[in-house]
**Student:** 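Dumping the structure here so I can ask a few things about it.
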Amino acid sequence: MSFFFDGHEYSLPFAYSEIEANGWTFDIADYGYEDGYVMNAGDQTYESIELKNPDYPDVTVKIGFVNLDSSAKDITECDIYAFSLDTCYGFDQVDAFPIMSVSGGLTIGMDEQSAVAIMGECDDVYEAEEYNSYSYQDEEYNRHLDFEVNDENGITYFDLTYYQ
């Protein structure tokens, strides 16, 4: 579950400190936890924490945390097991967004035909007027890759999840 994002390579799961060092951060106080948030061994959050970067004020990057350690620790010391990028606001492409690529060359902006050629046919396709959504998973159902594509902008959304 490796991917390139904003000029850096990551592989799920990875330490939050890796992406934080590259300018993507969050404040747990924004979620009502003024004194931090402790995760017990084996705990995981939904993909609900939104990362911010001043270079890309209009994109949405969300992550999910997992504590793979045998003891409790602060959420910022845990690993990221889920990652999503959305480069649209509504159905309009934002002006500035980080480049992201995954699995064999899928890239933000790639057209639908090229993406399906790389990934192969998909049994789980949601077709809508504004976009089409593709969902792929491995045979064990623990690795998931979803992407959305529209005619005008190509791929505008990625969601990767690696359940341990």
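Given the structure is predicted, the values throughout are model-derived calculations rather than measurements.
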**Student:** Do the non-hydrogen side-chain atoms of Y157 and V149 ever get within less than 4.5 Å of each other?
**Tutor:** no
**Student:** What do you reckon, is CG of D95 surrounded by more than 12 foreign heavy atoms closer than 6.0 Å?
**Tutor:** no
**Student:** Taking atom types as modelled and ignoring hydrogens, do the side chains of T156 and Q93 form a donor-acceptor contact shorter than 3.5 angstrom?
**Tutor:** no
**Student:** Are Y56 and F97 close enough that their ring centers fall under 6.0 Å?
**Tutor:** no
**Student:** Mind checking the NE2-OH spacing from H144 to Y163? Nearest 0.5 Å is all I need.
**Tutor:** 5.5 Å
**Student:** Taking the six-membered ring where the residue is Trp, are the ring centres of Y134 and Y126 under 6.0 Å apart?
**Tutor:** no
**Student:** Under 3.5 Å, side chain of Y136 to main-chain N/O of G120, donor-acceptor pair present?
**Tutor:** yes
**Student:** Is it the case that the side chains of Y10 and N22 hold a donor-acceptor pair, with the cut-off being a distance below 3.5 Å and no angle test?
**Tutor:** yes
**Student:** What do the steps show when you test F26 against F65 for ring pair (Phe, Tyr, Trp, His ring centres under 6.0 Å), and what is the final call?
**Tutor:** CA-CA 13 Å; F26 74 100; F65 282 100; 5.7 Å; yes
**Student:** Could you give the distance from CG (L85) to CG (D6), rounded to the nearest 0.5 Å?
**Tutor:** 9.5 Å
**Student:** Give a yes-or-no answer on whether the side chains of Q44 and N67 include a donor-acceptor pair shorter than 3.5 Å.
**Tutor:** no
**Student:** Could you tell me whether E121 atom CD has more than 12 heavy atoms of other residues or ligands within 6.0 Å of it?
**Tutor:** no
**Student:** Would you call L106 and M100 a side-chain contact if the rule is heavy atoms closer than 4.5 Å?
**Tutor:** no
**Student:** Are any non-hydrogen side-chain atoms of L145 and M119 less than 4.5 angstrom apart?
**Tutor:** yes
**Student:** Using ring-ring contact (aromatic ring centres under 6.0 Å, His included) as the criterion, point out the one residue from F4, F3, Y16, W24 that pairs with F83.
**Tutor:** F3
**Student:** So with a 6.0 Å cut-off around CG of N40, is the heavy-atom count from everything else above 12?
**Tutor:** yes
**Student:** Have S11 and S2 got a donor and an acceptor in their side chains that come within less than 3.5 Å?
**Tutor:** yes
**Student:** Surrounding CG of D27 (heavy atoms of other residues, nucleotides or ligands, distance under 6.0 Å), is the total greater than 12?
**Tutor:** yes
**Student:** Check whether more than 12 heavy atoms from other residues, nucleotides or ligands sit under 6.0 Å from atom CD of E152, and answer yes or no.
**Tutor:** no
